[in-house]
Amino acid sequence: MHMLRRDKKEEEEGGGNPFHNLEKSVVLQETRLFNETPINPKKCGHILTKLLYLINQGESIGTTEATEAFFAMTKLFQAKDPVLRRLVYLGIKEMSKIANDVIIVTSSLMKDMTGKDDQFRGPAIRALCSITDNTMLQSIERYMKQAIVDKNHAVSSAALVSSLHLSKGSQDVIKRWVNEAQEAVSSDNIMVQYHALGLLYHIRKYDRLAVTKLVSKFSKHSLKSPYAYCLLIRIASKLMEEEGAGTDSPMFDFIENCLRHKSEIVIYEAAHAIVNLKNTTAKELSSAVPVLQLFCSSPKPTLRFAAIRTLNKVAMKHPSVVSSCNLELENLITDTNRSIATLAITTLLKTGSESSVDRLMKQISSFMNEISDEFKIVVVQAIQSLCLKFPRKHNVLMNFLSSMLRDEGGFDYKKAIVESVITIIEENPEAKEAGLGHLCEFIEDCEHTVLATKILHLLGREGPRTPTPSKYIRFIYNRVILENAAVRAAAVTALAKFGAHCEELLPSCSVLLERCLLDTDDEVRDRATFYVDVLKQKQKALNSAYILNGLQVSVVGLERALHNYTLEPSEAPFDLKTVPLDTQPVSEQKVREPGDSVSKATDKVVASTQDIYAERLAAVPEFSNLGSLFKSSSLPVELTESETEYMVQCVKHCFGRYMVFQFDCTNTLNDQVLENVTVHMDPAEGFDVMKYVQCPSLPYNKPGTTYTMVRLPEDPTQVTGTFSCTLKFIVKDCDPNTGEADDDGYEDEYVLEDVEVTVADHVQRVIKPNFGGAWEEIGPENELEDTFALSTVKSLEEAVKNIIQFMGMQPCERSDKVQEGKSSHSLFLSGVYRGGHDALVRAKLAMSDSGVTMQLTVRSTDPYVSEVLVTAIG
Amino acid sequence: MDGGILEPSLYMVKAVAILDNDGNRLVTKYYDDQFPTSKEQKAFEKNLFNKTHKANSEIIMFEGLTCVYRSNVDLFFYVVGSSQENELILASVLNALYESVTVDEICDGGIILDSDATSIVQKVSLRTDDLNIGEQTMAQHLSKKLEVLQSAKEQIKWSLLK
C-alpha cells in the first residue's frame, strides 16, 4: 500500500494515471524477474499488471518478445498467490494471440480447471479455451463435458461460454456436448440457464424442427433468467419470419405472453420483436404499443429511449397506432436527453396533423445544435417525408432545411439534407425554385466535392427550364473561378446545358465557356473545348445528343467492349451501338453524365443483372456469333405452378436478330435424376427454332439451365408471338440418400405454360434527361400518330402504368406521375429499339366518361420501329 | 436506424470501456472486428467521450451503435452494442460494470458472463480478512489493473472530499 500512496501522489502532479508513461522495453525487461525463485507475488503482480496495461493501450509487442514474456509468465504457476494467479489467467488470454507455442500452459491450466480451488476453476477453463485449437480439442473434451454440468455455477458458465467460442473453429466436437448442455438448462442458476440455452440453440440452429421443439418446450417450462427469455423471443421471431407465420402461431402467443413478464427487459424485448415482425399489422401492434407507451413515462432514460425509438419505428408504417401515445410523446419533446427529445419530435411529425408542424419545427430548432449528426439525419428524413405528406408546408420546411445546410455538420449529414432537398424538388414542382436557390447558396461555401458536383449537375438539368434561368449562371460560374478541378468540370458541363437549352443565354454562356479553354486541368479544358464547338454549330440535334442527353451505354459494358476491341484490332471503327445499354434505375442515373469522371469515381459502378447474363451467355459456345446482348427481360417468368415436380422459370434474351430463351429448371423429386433436359418450343408464325442447348444432368434440388435459340421473323414489323413449351428429358430413378442413378432411363416430357414475346422485349428503357431536346433531335421524319380509346381503363394512373408496361420504355420528365385531380395528362417515354434505333413516345391522355382517350405519337430513327410501337397498344 | 431482427446469439456486447476524465483509455475491450486497429478504437473512444462527457444522459446512438454510459466524477463507463440490441440488456451490463469495476467476470468474448454485481464481487474477492487487500485485489482481478483502478477509486474519494 505504501507504493500505492506514492503512486497517488505522483499522479496528483502527473495528471491522473500512474502508468501513463510506461516504456514497453522496460516492462518487457522486468518480466525476467518472473524467473527468479522464490517468486515475489506482489512484485510480479505489479509487473504483470503493467504488461497488461500496455497491451490494453494498444502497444504492439513483437512475437519473439511476447513469446519470451509468455514463457517467463508460465513460471508464475509455481506461486500459490490467488491475485497473481488470476493475473496470469488474464495474461494468457491477452497473449494467446500474439505469442507462439502458447499450448505449453495446457497442463497447468487443466490442473487448475479440475483442482479443488473453485475460484480458479472457471477462469482457468476460459483461459484454457483461449489457447485451444481444433487439434487439441479432443484431449480436453472429457473435462469440458464434466465442467458443463459441474455444480459450481461459475465453472458451468465458463465451460458453456467457452464451448460457444470454441464452436467457431469446430462445430462437430461441440455437437457431442448437447446432452450436457441440455442438463445445464435446468440449472437453478439464471446465468447457467441462459448460457446453456444459447449453446443448445447454437448446436441445433440449422435443424428447424429441433429449434421449434426447443421453443415450445422452454416457452412452457418457465425459465428464470430474463436474458434467456430474450434469447427465446429472438429465436421464436426468427422462426416466425422463416415460416411466414402469422399471429395464429403458438410462437406469437409466446411472444405476446412475454409482454406480461415481470422483468422490463423481457417486456421490452417482446414489444420490440412484435414491432419488427415483417407481417405486423395494426392489430398485432395493439398489444405492444400500450406497453411502450407506459415505458415513455419511466424515470429511466434508457427505458424511455428504447420505447420512443421503437415507437418511432412503428410510426413509419402505422402512424395511426402511435397517435394514441401523442400525449406521452408531447411530454418527451423537452426531455433532457436530446436523443429522446429528437425521436419524440420526429415521431410526432409522423403522427401529428398539418397544424402542429410549425410548433414542432420551432421546438426542434431550439436544440438542433445539441444533438449528434445521426439524429440530425433522422430529423432531416422526418422533414422530407413531412414535405411529401403536406406539400403546402414546403415553405416552412424548406427554410428549415436551408438553415440546417448553413450549420456545422459532417458529410453524411449534409448529404442527407441535399438529397432531401432534391427529393422535395422532384416531387413538388412548386418547391423547385426555392430549393434550387438554397442549393445555389450552399455550393457557394461547400467543402464536399461530391455534393458540389451533384448540385451542379442538378442545376444543369433543372435550371434551364425554370422561368428565369439566368439567375443561376452567376452561381455556376463562381465555381469555375473558385473550386478544384472536379467541381470546375461539373460547372462547365452545367454552363453548357444552359447554353444548349436557352437560346437567349447562348452568347453569354459561350463567352464564359471560352474563358475555360485555358484551364490548368485537362478534363476541364477538354470539356470546355468540346462544348464551345458543339454550341457553335447551333443545331438542336447536336445539342440534344451531346450536351443535354448523354451516353446511354452501360459503363461495365462499355469497358468490356473497349477491352475486346483493343484485344482484336480491326480496321473498322469502334461501334458504340454494339455496347449494351445502361439498365440502371432512373434515380441512379441522375448523377451520371458523359465523361463525368467525378461521378464515376464516387458512384461505384456495379454490374447490372444484364451484365451478369451477358457474361453467362458469352460462355456458351453456341451463342458466340449472335453479337452483343441487347436486352434481357427483367424478372423471370414462372412456367410451372409452385410446389410441382419440376420448377421452370424463363428469362428472354434479345439479340439483334435472335432471341434466346433461358430456362432455369429445378428438379424437386429426390428419387429422380433428369438428363439431357431441353425445353421444346412450338414457335409462333415467322419465328424459327434454331438450336437447343441442353442441360446434361438435373439432380435433385440443384438448379440447372437449358437454352432455346429462336430466329426472329424477317418481316421487321412482326415481333410478337406466343410459344407453347414442353420440358423434354430422360428420367433415371435414383437412390434418394446417395443420389446414385440407375443405368437405364426413359424419355418423358412435362407440359409448361406458354411464353409470350411482347414489344417490350425488343425495347430497352433509356432515360432522356431532356425529353424536349431529344424529340427535336430525332425530328418528324418517321413520325406516326394514332388515337385510341382505352375503354377498359378507369383512371389516368392506370393508363400510364399500362402504357409503360406495354411499351417497355422509360418515363421521362417524371411524367409517370399524374397530378391529382387532373383530367388530362402527357406521358413521355424513351427507349432504344433492338438494332440500336432511338425511339420516343408522346402519349396525350384525356379522361372522359367512357374511359381514357389517348393520342399516341411515336418518333424514331427507323420507320419500321415507329410502326411496331404504334401497334403495341391495341 | 433501420430495423431488422437480431440473429439469436449470446454475443451481445461489442465493447466495454472505462475512460478517465480526459477521455483517455483506462480499460477497454472490443469483442468484434468493427474497429480492427488500435488507432480506430482510440478515435472511436475519443469521439464517444466528446459526445457524452458533458451530457449525462445515459444513452446515445453513436456511429450506428447503441452506447450506454455512466460516469462517476472522473471515471466514464461505457457498454457498446449493436443498434438493434435491447438497450435494457446493455444497461444491465453497464450497471454491473459500474458497481463492480470489473470487466473480465462480466463479459467474456462478447458474451455476458454475469451481470449481478454482488455475485461478481464475490467471485473476485479472495480474502476478506484484510479489507485493504480485499478491495485492492478485487479491482486488480476484475479489471487487470490494480493500481490504475485503485488510484481511480482514490481519486473519486478525493474529488468527493473536495
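Chain letters run A, B, ... following the sequence lines, proteins first, then strands; residues in each count from 1.
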task = For the pair D104(B) and R86(A), find out whether any cationic side-chain nitrogen is under 4.0 Å from an anionic carboxylate oxygen.
result = no

task = State, yes or no, whether a side-chain contact exists between L10(B) and Y201(A) at a heavy-atom distance under 4.5 Å.
result = no

remark   = Heaviest contributor of heavy-atom pairs below 4.5 Å to chain B, chosen from T310(A), T336(A), L303(A), is L303(A)

query = Checking heavy atoms, do the side chain of K39(B), its backbone, both or neither come under 4.5 Å from chain A?
reply = neither

message = Restricting to non-hydrogen atoms, name the atom on S38(B) and the atom on G58(A) that form the minimum distance, rounded to 0.1 Å.
response = OG-CA, 3.6 Å

key: Sidechain-backbone polar pair: N86(B) side chain, I265(A) backbone, donor-acceptor under 3.5 Å   = yes

ask   = Does the side chain of E264(A) come within less than 4.5 Å of S92(B)'s, by heavy atoms?
value = no

ask   = For S9(B), is it the side chain, the backbone, both, or neither that has a heavy atom closer than 4.5 Å to a heavy atom of chain A?
value = backbone

key: Residues D108(B) and H165(A): side-chain donor-acceptor under 3.5 angstrom   = yes

query = CE/M61(B) to CD1/I377(A) distance, rounded to the nearest 0.5 angstrom?
reply = 10.5 Å

note = Between V68(B) and T302(A), the two heavy atoms sitting closest are CG1-CG2, 4.4 Å

message = Taking atom CG as the centre, does N50(B) end up with more than 12 heavy-atom neighbours from other residues, nucleotides or ligands that are less than 6.0 angstrom away?
response = yes

query = Which bit of H195(A) is near chain B, if near means a heavy-atom gap under 4.5 Å: side chain, backbone, both or neither?
reply = both

Under 4.5 Å from any heavy atom of chain A - which part of Q41(B) = neither

Euclidean distance, E63(B) CD relative to D412(A) CG, rounded to 0.5 Å = 10.5 Å

query = Where on I112(B) is there a heavy atom nearer than 4.5 Å to chain A: the side chain, the backbone, both, or neither?
reply = both

key: Toward chain B, the part of Y89(A) with a non-hydrogen atom under 4.5 Å   = neither

inquiry  = Quick check: do E105(B) and R126(A) have side-chain heavy atoms less than 4.5 Å from each other?
reply    = yes

ask   = Heavy atoms, side chains only, cut-off 4.5 Å: are I60(B) and F305(A) in contact?
value = no

Pair E87(B) + K300(A), salt bridge at N-O below 4.0 Å = no

ask   = Quick one: salt bridge (Lys or Arg N to Asp or Glu O under 4.0 Å) pairs with a partner in residues 268-277 of chain A, sequence neighbours left out?
value = R234(A)-E269(A)

query = Nearest heavy-atom pair of Y53(A) and L26(B): which atoms, and what distance?
reply = CE1-O, 4.0 Å

task = Please report the shortest heavy-atom distance between Q57(A) and R25(B), naming the atom on each side.
result = NE2-O, 2.9 Å

request  = Kindly write out the residues that satisfy side-chain hydrogen bond (donor to acceptor under 3.5 Å, both in side chains) with D32(B), not counting sequence neighbours, or none if the list is empty.
outcome  = K14(B)

request  = Please look at P123(A) and chain B and tell me whether the side chain, the backbone, both or neither of the residue comes under 4.5 angstrom of a heavy atom of that chain.
outcome  = side chain

message = Would you say that S157(A) contacts D114(B) through its side chain, given a criterion of any heavy-atom pair below 4.5 Å between the two side chains?
response = no

query = Out of S162(A), G122(A), A306(A), S339(A), which one racks up the most heavy-atom pairs below 4.5 Å with chain B?
reply = A306(A)

inquiry  = One pair to check against side chain to side chain contact (heavy atoms under 4.5 Å, CB included): T66(B) and R309(A). What are the steps and the verdict?
reply    = CA-CA 11 Å; T66(B) 298; R309(A) 205 171 146 228; 4.0 Å; yes

